[in-house]
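Worksheet: one structure, shown below.
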Amino acid sequence: MRRAPTILHLDMDAFFAAAEQAAKPSLRGKPVVVGGIGPRGVVSTASYEARVFGVRSAMPTAQARRLCPNAAYLSPRFSVYRQVSDSVMQLLHALSPLVEPLSLDEAFVDLEAGGVAADSAAARAVGEQLRRDIRAVTGLTGSVGLAGAKMLAKIASEAAKPDGLRIIEPGTERELLAPMTVRTLPGVGPATAEALRRAGITTVAETAEAGEAELVRLLGRAHGAGLYAMALGRDDRPVVAERDAKSVSVEDTFEVDLTDRTRVRNELVRLAERCVQRLRAAGRSGRTVVIKVRNYDFSTLTRSETLRGPTDDPAVVREAAVRLLDLVDTTGGVRLLGVGVSGLADFTQEDLFAQLATEQEAAEAAQQARGAAVAGEEQGGAEPEEERPRRWHPGLDVVHDEYGAGWVQGSGVGRVTVRFEQPWSAPGRVRTFAVDDPALRPGEPLPLVGGAPEPDPVRGGAGPATGGEGEASAMAGGPMSGAGGPDPDALESDGPGAGRVEPRRTEAICREPGSQKAERPGPDRPEAHRQDLVRPESGWAGASGEGEPVEGRGSSGPSEISAPGEACRGS
DNA sequence: TCTGGGGTCCTAGGACCC
DNA sequence: TCTGGGGTCCTAGGACCC
């Protein structure tokens with residue numbers, strides 16, 4: 001515990017949702033929910049406008065839709081968030097060599113080690129400047145906590161949200177923490193809180209009064225002792241720059257439980273290969289292979305096997321995974337499968353000959369596969385590689401030959417609805433195309449700031465905002481390009497600036513006393529991941545396209561999203 | 001309401017060794 | 001003949017975090 005508040009914790013505000021609002025002008029000031037779009041999806045991040053309606057991180061998306069049917073529901077675009085995160089982390093590294101990232105949107109910084117602040121006033125100045133810099137570089141807001149210990153800095157940034165800065169002065173922490181719920185302390189989740197509650201402990205003060213011995217008795221050695229220290233405001237953990245990953249894993253939840261044993265096996269093999277790809281990309285190898293199986297009833301089990309030495313050989317991992325699967329009863333249905341590797345090393349100890357042998361095998365197998373393909377023996381699965389995605393996820397970046405850059409607002413019943421706008425443009429308008437319209441293809445994410453209004457990608461055509469080009473195509477039939485006539489969607493779309501609300505205003509609405517802190521999991525849990533796990537045949541697109549205000553149907557998109565307090569109320 | 005994906009750390013029991 | 005401790009490794013599960 002230091003005598004000056006020189007440990008800084010930065011937490012970006014509603015990170016994923018804020019990034020989407022920055023990228024999509026028509027969504028600014030509107031409720032936005034980023035997360036899994038499928039029937040089993042959960043919310044990663046809700047914008048502050050969506051939180052007004054009770055939408056929270058980790059909530060099933062289906063429940064969020066009931067609470068706030070008019071929000072924009074978007075799949076995460078991790079490449080964009082990573083890019084923004086990198087530029088934020090760069091700003092942090094300018095302050096100190098000791099930067100400890102906790103996730104894409106969160107990090108500790110040791111200001112003392114950086115020599116940029118030795119007292120409270122200096123720390124505040126650094127924190128405020130950092131917030132300005134983040135805004136200038138990314139267009140997004142972040143909240144800063146400053147204290148003499150990590151735990152307190154994190155509590156401070158939470159209290160500062162959104163778009164604020166808070167200092168906990170060393171010496172004041174016990175008084176400050178005393179009345180707070182024990183859930184405030186890191187490491188206290190639902191189970192620990194319940195165990196403590198049964199012992200009559202609900203506040204931090206009561207936790208401290210209970211004493212270390214009692215807490216150890218209730219919670220076990222490590223957890224009890226750690227919690228006792230935290231309750232006293234004691235936390236000596238240093239800011240640690242880089243930590244090597246200890247495991248790599250991938251998992252998929254299926255839209256419909258898998259019952260066919262062969263299918264389960266095939267999916268597991270796919271996962272094993274994906275896992276090894278990630279392992280190799282990280283330049284690592286591992287010794288323990290783990291599989292995870294979640295059953296139809298949500299019961300979950302793991303099976304693991306430790307090899308004689310570390311490997312990054314897909315065949316070795318795949319075979320271990322399949323062996324482990326043989327130990328598991330999957331009758332009744334499998335909801336989720338996962339494959340992981342732990343016991344990571346930086347190199348492989350497998351003997352060179354074995355390595356060469358498997359590579360040769362793989363080469364031969366590939367050769368055979370090619371032969372089979374040529375002979376026309378391949379069945380259905382491997383259709384020729386198309387440039388278009390199998391599904392048009394809401395939020396996906398696209399480019400249209402005629403209308404330029406935009407993003408998918410929704411899709412279904414053979415159509416895809418696109419809003420043509422860029423981060424620096426006015427809110428754009430919506431057009432609907434056939435899903436197989438050849439003029440429409442996936443596009444690169446655009447930078448959130450500094451994107452020069454590029455020359456119009458449309459050769460000789462008017463820009464997307466000019467209007468009058470007519471409907472591109474429509475209806476479930478094939479592409480009907482270039483027909484004239486006004487675009488009905490365009491007529492109903494936002495004019496420039498319409499419906500624009502300064503984000504700050506609605507954030508303020510959300511900032512009701514106590515409304516944030518009482519809630520766990522916290523308001524920002526953007527570390528969720530691929531939600532687009534739907535297997536091709538299960539087809540969420542039809543489901544989501546039908547009757548979803550944001551995701552489909554021409555004009556009823558975000559352009560018609562009402563301000564918070566109007567539309568979403570009482571549905 | 002029906003529960004994602006990617007991680008970390010801890011506990012506990014059994015095997016095995018000294 | 002009945003019963004040591006301690007250490008390490010492996011496996012399984014659970015809590016927690018974002």
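Lettering follows sequence order; numbering is per chain, from 1. Because the structure is predicted, anything quoted here is derived from the model rather than measured.
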(message) How many whole angstroms separate atom CZ of A:Arg65 from atom P of B:dT3?
(response) 13 Å
(message) Could you tell me how far apart A:Arg287 (CZ) and C:dC9 (P) are, to the nearest whole angstrom?
(response) 9 Å
(request) Between A:Asp244 and A:Arg294, name the one whose nearest nucleotide on DNA chain B is closer to the 5' end. (result) A:Arg294
(request) Under 4.0 Å from any atom of DNA chain B, heavy atoms only: list the residues of residues 199-209 of chain A that qualify, in numerical order. (result) none
At less than 4.0 Å, is any side-chain N or O atom of [X] found next to OP1 or OP2 of [N]? Yes or no.
| X | N | value |
| --- | --- | --- |
| A:Ser247 | B:dT8 | yes |
| A:Thr306 | C:dT11 | yes |
| A:Arg243 | B:dG7 | no |
| A:Thr302 | C:dT11 | no |
| A:Lys246 | B:dG7 | no |

(request) Please work out which of the three classes, parallel, tilted or perpendicular, describes the rings of A:Phe108 and A:His9, given edges at 30° and 60°. (result) tilted
In terms of side-chain heavy atoms of [X], which of [options] is nearest?
| X | options | result |
| --- | --- | --- |
| A:Ala222 | B:dG7, B:dC10, B:dC2 | B:dC10 |
| A:Ser249 | B:dT8, B:dG6, C:dC9 | B:dG6 |
| A:Thr192 | C:dC9, C:dC16, B:dG7 | C:dC16 |
| A:Val42 | C:dT11, B:dT1, B:dT3 | B:dT3 |
| A:Arg278 | B:dT11, B:dG6, C:dC18 | B:dG6 |
| A:Ala191 | B:dG6, B:dG7, C:dA15 | C:dA15 |

(request) Can you run through DNA chain B from 5' to 3' and write each base as (, ), [, ], | or . depending on how it pairs? Watson-Crick or G-U wobble, both distances under 3.5 Å. (result) ....||||||||||||||
(message) Looking at A:Asp257 and A:Arg294, is there a salt bridge between them, counting it only when a charged N and a carboxylate O are closer than 4.0 Å?
(response) no
(message) Are the side chains of A:Leu27 and A:Trp407 in contact, using a 4.5 Å heavy-atom criterion?
(response) yes
